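The structure appears below as structure tokens.
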Amino acid sequence: MSAWVLRAVGLGALVVVLRVLLGLLMGSLPTYGTLWRAVCLVAIVAVAVVWGVRDARSTSGTDLTVRWLAAGIAAGLGSGAVCLILDYVPGIELGDAGALFELTSAASFIMLLIFLPALAGVGYGHARSGRPAKAPAATASEPVLAPAQ
């Protein structure tokens with residue numbers, strides 16, 4: 001399984017589980033809605049940061065930006081589609097959002113909620129490991145600017 005697919009499935013499943021749990025908690029204790037939302041938000045961000053730090057420490061300086069971007073996009077779209085389907089199941093309340101919202105706004109929010117903390121974790125992991133991320137090497141075909149006279 002590709003590295004970004006594993007991250008997308010894991011974090012997408014976490015988002016779906018937390019949204020279902022949030023729906024159940026909001027139905028039973030609606031006065032604590034702000035607390036439940038904050039806990040779910042912190043859980044997703046914490047998992048993304050920890051996974052990003054782990055990636056940075058386990059890989060030797062490879063660029064992880066595209067890996068995490070693909071994982072975020074797939075997790076956002078996948079969790080939005082699954083939540084859209086689960087919203088039709090009786091007893092599961094996810095807010096009755098339509099397909100347009102779930103596959104655009106919610107998916108992009110989840111993508112950013114995964115991508116940005118993961119890259120922060122990657123940066124922190126590279127800084128803690130003592131080795132910087134590899135910068136792309138300059139090729140001979142790039143023009144060299146002459147000094148101004």
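No experiment lies behind these values; they were computed from the predicted model shown. Along the sequence shown, residues carry numbers from 1.
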Is any side-chain heavy atom of [Y] closer than 4.5 Å to one of [X]?
{"X": "Leu22", "Y": "Arg37", "value": "yes"}
{"X": "Arg19", "Y": "Leu86", "value": "no"}
{"X": "Trp51", "Y": "Leu11", "value": "yes"}
{"X": "Phe109", "Y": "Ile114", "value": "no"}
{"X": "Val20", "Y": "Ile92", "value": "yes"}
{"X": "Leu21", "Y": "Cys40", "value": "no"}
{"X": "Val122", "Y": "Val53", "value": "no"}
{"X": "Leu41", "Y": "Leu113", "value": "yes"}

Shortest non-hydrogen separation from [X] to [Y] and the atoms involved:
{"X": "Glu102", "Y": "Cys83", "value": "OE1-CB, 4.2 Å"}
{"X": "Ala48", "Y": "Trp68", "value": "O-CH2, 4.5 Å"}
{"X": "Ala74", "Y": "Ala8", "value": "CB-CB, 3.6 Å"}
{"X": "Thr65", "Y": "Leu119", "value": "CA-CD2, 4.0 Å"}

Do [X] and [Y] belong to the same hydrophobic cluster, where Ile, Leu, Val, Met, Phe, Trp and Tyr are linked whenever their side-chain heavy atoms lie under 4.5 Å apart, directly or via other members?
{"X": "Val42", "Y": "Val15", "value": "no"}
{"X": "Leu116", "Y": "Ile110", "value": "yes"}
{"X": "Phe115", "Y": "Leu6", "value": "yes"}
{"X": "Val17", "Y": "Ile44", "value": "no"}
{"X": "Leu103", "Y": "Leu69", "value": "no"}

TODO: Quick one: list whatever passes side chain to side chain donor-acceptor pair (under 3.5 Å) with Trp36, sequence neighbours left out.
DONE: none
Open item on the list: Given 3.5 Å as the limit, does a donor-acceptor pair link the side chain of Ser105 with the main chain of Phe101, or not?
Closed with: no
Task: Separation of Arg57 CZ from Asp55 CG (nearest 0.5 Å) - done: 12.5 Å
Open item on the list: Measuring from atom OG of Ser79 to atom CE of Met111, what distance do you get when rounded to the nearest 0.5 angstrom?
Closed with: 11.5 Å
Open item on the list: Can you list everything that forms a side-chain contact (heavy atoms from CB on, under 4.5 Å) with Leu77? Sequence neighbours excluded, please.
Closed with: Ile73, Ala107
